Structures are given as C-alpha cells and as structure tokens.
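Before I ask anything, let me first share the structure, which is written out below as structure tokens.
Ligands are counted one by one from 1 in listed order, and the atoms in each one are counted from 1 as well. Values in this document were obtained by computation on a predicted structure and should not be read as measured data.
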Amino acid sequence: MPNHDSLSRSSVQDLLCKLISIPSVNPTVAPEEPYGEKTIAEFAHSWLQAHSVTARLEEAAPGRPNVYAEVGSGNGPTLCLCAHLDTVGTSGMTISPFEPRVAGNKVYGRGSYDMKGGVAAIMSAAAVIAADSNIRGKLILALVVDEEYASIGADDFVKKHKADACILVEPSEQKIILGHKGFVWAEITTKGRAAHGSRWDIGVSAIGKMSRIIVAFEEFDRRVLRKRVHPLVGPASMHCALIQGGSGISTYAPECTLKVERRTIPGEKPEDAVRELEEVIRSAGEEVDVNCSFHRPSLLCDRDEPVVRHLRAAAQSVTGVQPEEAGVAFWMDAAVFAEAGIPTVNYGSSGAGAHEAVEWVDLDSVVSVAQVMVETTRRFCK
Ligand SMILES: [Zn+2]
C-alpha cells in the first residue's frame, strides 16, 4: 500500500477532529441544540476544494446542503461513496461532545463513530485519488444531511446523480454489510360511542376495542413475525409505539389512535405488511383500516455484484484478512441508493457509543477504511 499525505494517521486524525468540533446535530431530532449541518457542509466543501477535489453544495432543503464532490473524467464506471454529516443530539452525554479528545487509538466526541469517522475516511480517500490516481471512471462523494431523521439528503442526492455502485461507510467494524431491514409506520384509529361514564348500556370505549387489537398484534409479533427469519438480518418484528385516546375520566372514550412500527426483512413489501396487519385486526373481531404514514425499503445486495467483489478484494489486500459479510437490523441510507437502482453495500469503521453518552471511534480503523476506499475506487473505476 503506497503512502499518501492525506492518508497518514495524523492527517486523518486532524480532519476527523475538525469534523467533530463542528456541531452538526440534526435539527429535527434535537431542535433545541445549535444548528450546524450547513457549517460542516461548508467546511467539507472547502477542504475538498483545497485538496483538488471538485465539490459543490446542493440544498436538499432550505439551509440544509449536501456536499457533492467528484474526481476523474468519467470514461469508465462511477463509484459513489456516501456518509452522513448530521448527528443525533448531545443530551445526557458524559463527555464533551464537540471538543474531540484523543486517547491512544480512540477519538471521542459526538458523531465520532456515527459517522464523522466515515466522513473523514471518504474525504481523505477522494483527496488521494485526486492527487495521484488516473482512474478512467469517476469517484463521487455524497456527504448528506438528515440521515438521523428522514434522509432528505440521500433522497435529494439520488434524484440528482447516477452511479454504477455505491458504498456507504456507516460504522460496521469493517464488515461488509450486504443487507438491512426496512420499516413501515402505520396508524390505526378505533371509534367508540361517547357517553356518560354511568351509561354502560349505551357507551362503547374505543380504548377497549383497541386493547383487543393490541393483544392480537403482540400475539402476531411473537407467533408469526419472529419466526419469519432472514439469514442476514434476522426476524421480522413489530411493536405498538404510541397510543392516544379518551376525552375524560367520566366519559366512554370516543376515539383511540395507535401507532405501530413494523420492521421488514428483505422480500417483504410495505403494502403486504399493511394488509397483514388488517387481517390480524379482523381476526381480533374488529374492522378498521391501517394507514401507512411512512415506509422505507430493506436492503439486499448480491455478494457477486462487482462492487462487492472489488470491495472484498480491496479489504483483503489492505487488512490482510478476508472481511466478514453480514447484515444488520437497523435501517440505513443504503436502501435509498439501492431503490434508485444503484447496487449498494456498506463498509465502515469500528468504535462504540452511537447515540449514547460516550461515543468514540477507533482511529486505526478510520485510516484503514480510507485505504480500502482508495483501493476499491482504483479497482472499480479502472
Ligand atoms: Zn449513522
């Protein structure tokens, strides 16, 4: 592996610490915290320009820019590397969130692991490719906003750009992640008959009706969904997440609304998941509609896709070992790229404490991921 200035441990550390020191908390997830997605995007933009990488800001929503960057002439395949710029909030943290601390091989701070380590890795990789590689194809970077809430950044990016493959660099302990689950958010409303609390003869409680549905959902989750297991991502599941109902202690509840989340495995379609929930409700003796308010697909990437083959070989040549291949239960922006027709896989650094009180990333793994991305780009964009 040749040595490059942009890939030295100290330059990657320096970039990572700068990224951590710019707060970029997602404004929807923690609206009370200072807003910074734009500041970090502007920093990444000028850093890339200063390292001979063509870059520009693209607003996914007013004041919320993605960074698009590219290297190479594009006379061959295009590879996209993607990382998100936003983080979750800092409430409850027991370390200083925006003053990065380096202790041995660990770099502490909000977003160090999820996923400014990944941002630093792919920015460094792009700088190396710009400095000394004659790739025939093109490397593009997607540094996106809003992954921690509704992925408006990734949605906007795939509307504007095409690629032959994409690698996300969400933290994965340097495993190749070939699949993840999707999800469906659904809402159910039962109607009762409002009446004075003494009028058992005419009152009907919408909450009582909902209780039968909840029991049926719990049964369905345990007996059916948990047995529907995908080898990469594990079982399907659902849970009752939010409930609201009733108008007063002395009134039969006229209405009750329940919000459920259903986690789907590769092969399950959102419309089928909704239909199934309606059947469960009918089996409980109730008749109400299930309204899907939001859904995201699952991810499944074929392990023989060229991007996976090149990534596997690159990781093997950089680290000396064959990377493990796995799936994860949580959702990622990867599915947004896959849904746009771009074969997508994930490979990222090691660490701990995503969304937790103490968060750190393993610096060696960030450097290693950067090297693997350089090597994969050379092979894929040849
Ligand atoms: Zn993340």
Side-chain angles (χ1 to χ4, degrees), residues 15-16 19-20 22-30 33 36-37 40-41 44 60 64 66-67 80-93 97-98 100 107-123 125 141-158 166-183 233 263 296-299 301 326-339 344-363 365-366 369-370 373:
L15 175 58
L16 173 59
L19 291 164
I20 294 170
I22 302 170
S24 57
V25 174
N26 186 297
T28 319
V29 171
E33 296 199 27
E37 277 174 337
I40 201 168
R64 303 188 69 184
N66 290 334
V67 182
C80 177
L81 302 180
C82 175
H84 61 85
L85 293 169
D86 62 322
T87 70
V88 291
T90 61
S91 138
M93 285 192 83
F98 307 123
V107 182
Y108 292 84
R110 176 49 92 223
S112 53
Y113 180 52
D114 182 17
M115 60 175 298
K116 290 180 177 179
V119 176
I122 64 176
M123 285 172 65
L141 297 193
L143 303 178
V144 298
V145 295
D146 196 44
E147 189 275 345
E148 298 291 359
Y149 185 66
S151 296
I152 60 170
D155 276 343
D156 186 73
F157 193 91
V158 298
C166 174
I167 304 173
L168 242 80
V169 289
E170 287 274 10
S172 76
E173 325 311 303
Q174 296 194 261
K175 289 179 195 162
I176 297 182
I177 304 301
L178 293 167
H180 66 64
K181 291 185 187 179
F183 62 88
V233 304
R263 294 280 168 160
R296 288 291 193 183
S298 56
L299 173 82
C301 187
V328 292
F330 53 89
W331 192 81
M332 292 183 189
D333 273 347
V336 173
F337 287 83
E339 206 181 22
T344 301
V345 70
N346 186 88
Y347 181 87
S349 40
S350 308
H355 304 204
E356 291 178 20
V358 177
E359 181 176 357
W360 59 272
V361 70
D362 176 305
L363 183 58
S365 78
V366 175
V369 168
M373 292 306 130

Practice task
Give, for atom CG of L143 and atom CG of D86, the distance between the pair rounded to the nearest 0.5 Å.
Solution key: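 Between atom CG of L143 and atom CG of D86 there are 11.5 Å.
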Exercise for the section: Tell me, please, which residues at least two apart from A329 pass side chain to side chain contact (heavy atoms under 4.5 Å, CB included). Expected result: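 Result, side chain to side chain contact (heavy atoms under 4.5 Å, CB included) vs A329: K181.
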Problem - Any donor-acceptor pair under 3.5 Å from N346 side chain to E170 backbone - result: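 Between the backbone of E170 and the side chain of N346 there is a qualifying donor-acceptor contact (under 3.5 Å).
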Handout entry: Pair E359-Y108, side-chain donor/acceptor within less than 3.5 Å
Key =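 No donor-acceptor contact under 3.5 Å links the two side chains.
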Exercise for the section: Quick one: list whatever passes side chain to side chain contact (heavy atoms under 4.5 Å, CB included) with V158, sequence neighbours left out. Expected result: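 By the side chain to side chain contact (heavy atoms under 4.5 Å, CB included) rule, V158 matches V336, F337, A340.
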Problem - Shell of protein N/O/S atoms around the Zn ion (ligand 1), taken as anything under 2.8 Å - result: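 Protein N, O or S atoms closer than 2.8 Å to the Zn ion (ligand 1): H84 NE2, D114 OD1, E170 OE1, E170 OE2.
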Exercise for the section: Report the residues that fulfil side chain to side chain contact (heavy atoms under 4.5 Å, CB included) with A41, sequence neighbours left out, ordered by chain and then residue number. Expected result: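 A41 satisfies side chain to side chain contact (heavy atoms under 4.5 Å, CB included) with L57, P65, V67, L85 only.
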